[in-house]
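Below you'll find the structure, written out as structure tokens, and then a few comments.
A note on names: the letters A, B, ... follow the listed sequences, proteins ahead of strands, and every chain is numbered from 1.
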Number of protein chains: 2
Amino acid sequence: MARRRQAVTIKHVAADAGVSLQTVSRVINNEPNVRPEMKERVQASIDKLGYVPSIAAQRMSGSRSYLILAINDRERTIADWQSRQGTDWVDQMLLGGMLTCAERGYRMLVELIDTHSDHVERELGAAIAALQPDGVIVTPPHSENPLITGLLAKKHIPFARIGSKEPGHGIALTMGDEHLAKLATEHLAGLGHRRIGFIAGSEEYSLADWRIDGWREAMENAGLEHEGLCQRGDFGFESGVRAARALLDLPDPPTAIIASSDQMTLAALEVAKERGLTVPDDLSLISFDNTPLVRFTSPPLTALDQPIAATAARAVELLIDEGRDYVSDTPVVIEGDLVIRGSTAAPKRR
Amino acid sequence: MARRRQAVTIKHVAADAGVSLQTVSRVINNEPNVRPEMKERVQASIDKLGYVPSIAAQRMSGSRSYLILAINDRERTIADWQSRQGTDWVDQMLLGGMLTCAERGYRMLVELIDTHSDHVERELGAAIAALQPDGVIVTPPHSENPLITGLLAKKHIPFARIGSKEPGHGIALTMGDEHLAKLATEHLAGLGHRRIGFIAGSEEYSLADWRIDGWREAMENAGLEHEGLCQRGDFGFESGVRAARALLDLPDPPTAIIASSDQMTLAALEVAKERGLTVPDDLSLISFDNTPLVRFTSPPLTALDQPIAATAARAVELLIDEGRDYVSDTPVVIEGDLVIRGSTAAPKRR
DNA sequence: GTGAAAGCGCTAACAG
DNA sequence: CTGTTAGCGCTTTCAC
């Protein structure tokens, strides 16, 4: 690898503008104590020479690295990519996070880390040591992994925890899981459903339980019985099949089901078909992910839209503006919406 | 922003192992001229202290940046992410590129750049100056933009051009577009189709024409007439609608259509439905993208699978291993497959 | 084989 | 307000 030097450095600018390096540095970083006149002169040279600071050098001299790390679960992410089922979590994170980073001169780097590995700390530590990011976004299930959040807090690296409510170090953000579950439940109750089943996600994710809470509360508010109407899945298709069967095998089966992931909703749709039930006439269905595929099933699925991009964008903003030693009290909540499509209708049989 | 120093540096390791900095540096970079015994001792200290070199420092001292830039078209990529239609191009690039990078201690950074902007060079130049990547992957339509490839060549930055065949600077890679088009055509001809229509992509992409070539050649080889059976679209849904209508309005309409994108195939499916044609009985359909959504349409679409991940992986390997001043003669071809699903069958009416 | 010295491009700290 | 000095952590000379 040949030695590649920066084409135009701060020195060239300084020489061109006839000022010291420091003055150029001040202009670049928008620091005070530069006369407007000087500033203009320097800026002119910068533009003329097409100068762009090297982030490596900036980082080296103890300043920022202009890098935000977005950490996702390795196993799950790779499985999603390989299966090509349309999960666009990473895309939405990039859409929100990367574009917001770009607006402020930062870059977002996606990093995959094994939650279950016994050397999570080593993996994360290595990424941090190598990259020296100015901020880290952790997603479920990492956001609830104390090994990860602890390490980040200890190293005083600003970090945002998406899908985490715990008070403490780092910026906690949620997408209003209870609220979303309530929205779905109320929509169904409003259509006249009395028996509304719920397929929950893995206990490994707290948000799975927040969703149950929202559903249960909405059921109670509507004066509906919810005993026995909640089945636990693990977000995956197979678990959805089992859960849907269990619900439909009930003596008094639900006429509507809310499932905590697109795959589990898809599974419920399959089970309904296999039993000769028509969706939405015999069974209404709501998916907890508004991923691409829900639009292409038949019928297209009514879905809860989680504002992943908006959440990532907010996380980046907070990280950059006030991430330093941020301590969460209550989480930042970015609420989503219910998108009504063809899988929900008033119950035909009661 | 507080001044954050590296926790454990090469100095600590050197002190711990009782050697000079250079020796540690040599061990890190696997350079010769280190006695195995020394090497072991140093490695032990590295492991003990959990030392990881700072990329910024490595880059600063004229070595590598361990960064590969993957450049995609800004407008198109954002539109894809926002529309949530399941285009997983970026995901597949990450799957192949990022994981391959990780295997070799590199990171992949996604960067969006406007092809149509008049300041492409400035945008790209800025990204390069700021990040100093060791390699760049350019995707269509950037891979055929001389402003981009020219700049990269001029700066002697190793780069790979995906979807480009031109001899010259940079590593040219394709996914065997003609071959894929032939595969599809032969499959349909084998089923007994005589009239096989083709919906091409935008002329802005050379690969759109390579696909036409493959289709035409296969038609000729099978002794089939192809005059008037090719309609030009722009990869988007609307253009697909127009093209499909034009084809089906023909006096002797095709019994099968190959469309150069998933959206255009979807459009053809819609048009077929609107005309009361059953797929595949009245009309067979093949999509040139095996994106997630093609599995969820009804019927699921037979599709040409472009090995995006494998191509990105290969690009990274070549970039790292022999990217320096690489000059392409013939392109590296990573061939894809035909995935047969429910949208193709023997023609019912002849 | 190994070590010492110099410097990459930039900013922090301190002078003026 | 502006300039000077001293590094940041590492690799590249070039000695030994």
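- Under 4.0 angstrom from either OP1 or OP2 of D/dT11 there lies no side-chain N or O belonging to B/Ser63.
- Of all nucleotides listed (C/dC8, C/dC10, C/dG3), C/dC10 comes nearest to the side chain of A/Ser54.
- Here the shortest heavy-atom pairing between B/Ala153 and B/Phe159 reads N-CE2, 3.8 Å.
- Phosphate contact (OP1/OP2 of C/dG3, side-chain N/O of B/Ser20, threshold under 4.0 Å): present.
- A/Lys11 has its NZ atom 14 Å from the C1' atom of C/dT11, to the nearest Å.
- Between B/Tyr66 and the phosphate of D/dC10, there is no side-chain N or O to OP1/OP2 separation shorter than 4.0 Å.
- With contacts defined as side-chain heavy-atom distances shorter than 4.5 Å, the pair A/Ile28/A/Tyr51 qualifies.
- Within the 4.0 Å cut-off from OP1 or OP2 of D/dG9, not a single side-chain nitrogen or oxygen of B/Gln6 is found.
- A close approach under 4.0 Å does occur between a side-chain nitrogen or oxygen of B/Gln58 and OP1 or OP2 of D/dT11.
- Atoms CD (A/Gln132) and P (D/dG9) sit 8 Å apart, rounded to a whole Å.
- Rounded to an integer number of Å, the gap from CZ of A/Arg59 to P of D/dC8 is 12 Å.
- For the pair B/Met93/B/Ile137, a side-chain contact is recorded, criterion being any heavy-atom separation below 4.5 Å from C-beta on.
- To the nearest angstrom, P of D/dG9 lies 10 Å from OH of B/Tyr51.
- In this structure, CD1 on A/Ile10 lies 10.5 Å from OG on A/Ser54, to the nearest 0.5 angstrom.
- Taking 4.5 Å as the limit, some side-chain heavy atom of A/Leu124 sits within range of a side-chain heavy atom of A/Leu152.
- Taking the side chain as every heavy atom from C-beta outward, A/Asn72 and A/Trp89 approach each other to under 4.5 Å.
- In this structure, the nucleotide among D/dG9, C/dT11, D/dT12 sitting nearest to the side chain of B/Met60 is D/dG9.
- Distances from the side chain of B/Pro53 to the nucleotides C/dC10, C/dG3, D/dC10 place D/dC10 closest.
- Taking atom CD1 of A/Ile55 as the reference point, atom C1' of C/dT11 lies 15 Å away to the nearest angstrom.
- In this structure, CH2 in B/Trp81 is found 4.5 Å from CG in A/Leu94, a value given to the nearest 0.5 Å.
- For B/Thr9, no side-chain nitrogen or oxygen approaches OP1 or OP2 of D/dC8 to under 4.0 Å.
- Residues forming a side-chain hydrogen bond (donor to acceptor under 3.5 Å, both in side chains) with A/Ser65 (at least two apart in sequence, or on another chain): A/Asp134.
- For residues 27-42 of chain B, proximity to DNA chain C is found at B/Asn33, B/Val34, B/Arg35, B/Met38, defined as any non-hydrogen atom under 4.0 angstrom from a strand atom.
- Distances were taken from every side-chain heavy atom of B/Ile10 (C-beta onward) to each of D/dG9, C/dA4, C/dT11; the shortest belongs to D/dG9.
- Spacing between atom NE2 of A/His12 and atom C1' of C/dC10 amounts to 14 Å, rounded to whole angstrom units.
- Base engagement by B/Gln22 is indicated by at least one non-hydrogen atom pair under 4.0 Å involving a base atom.
- Considering only side-chain N and O atoms, A/Ser61 lies nowhere under 4.0 angstrom from the phosphate OP1 or OP2 of D/dG7.
- With hydrogens and angles left out, the side chain of A/Arg26 and the base of D/dG3 share a donor-acceptor pair within 3.5 Å.
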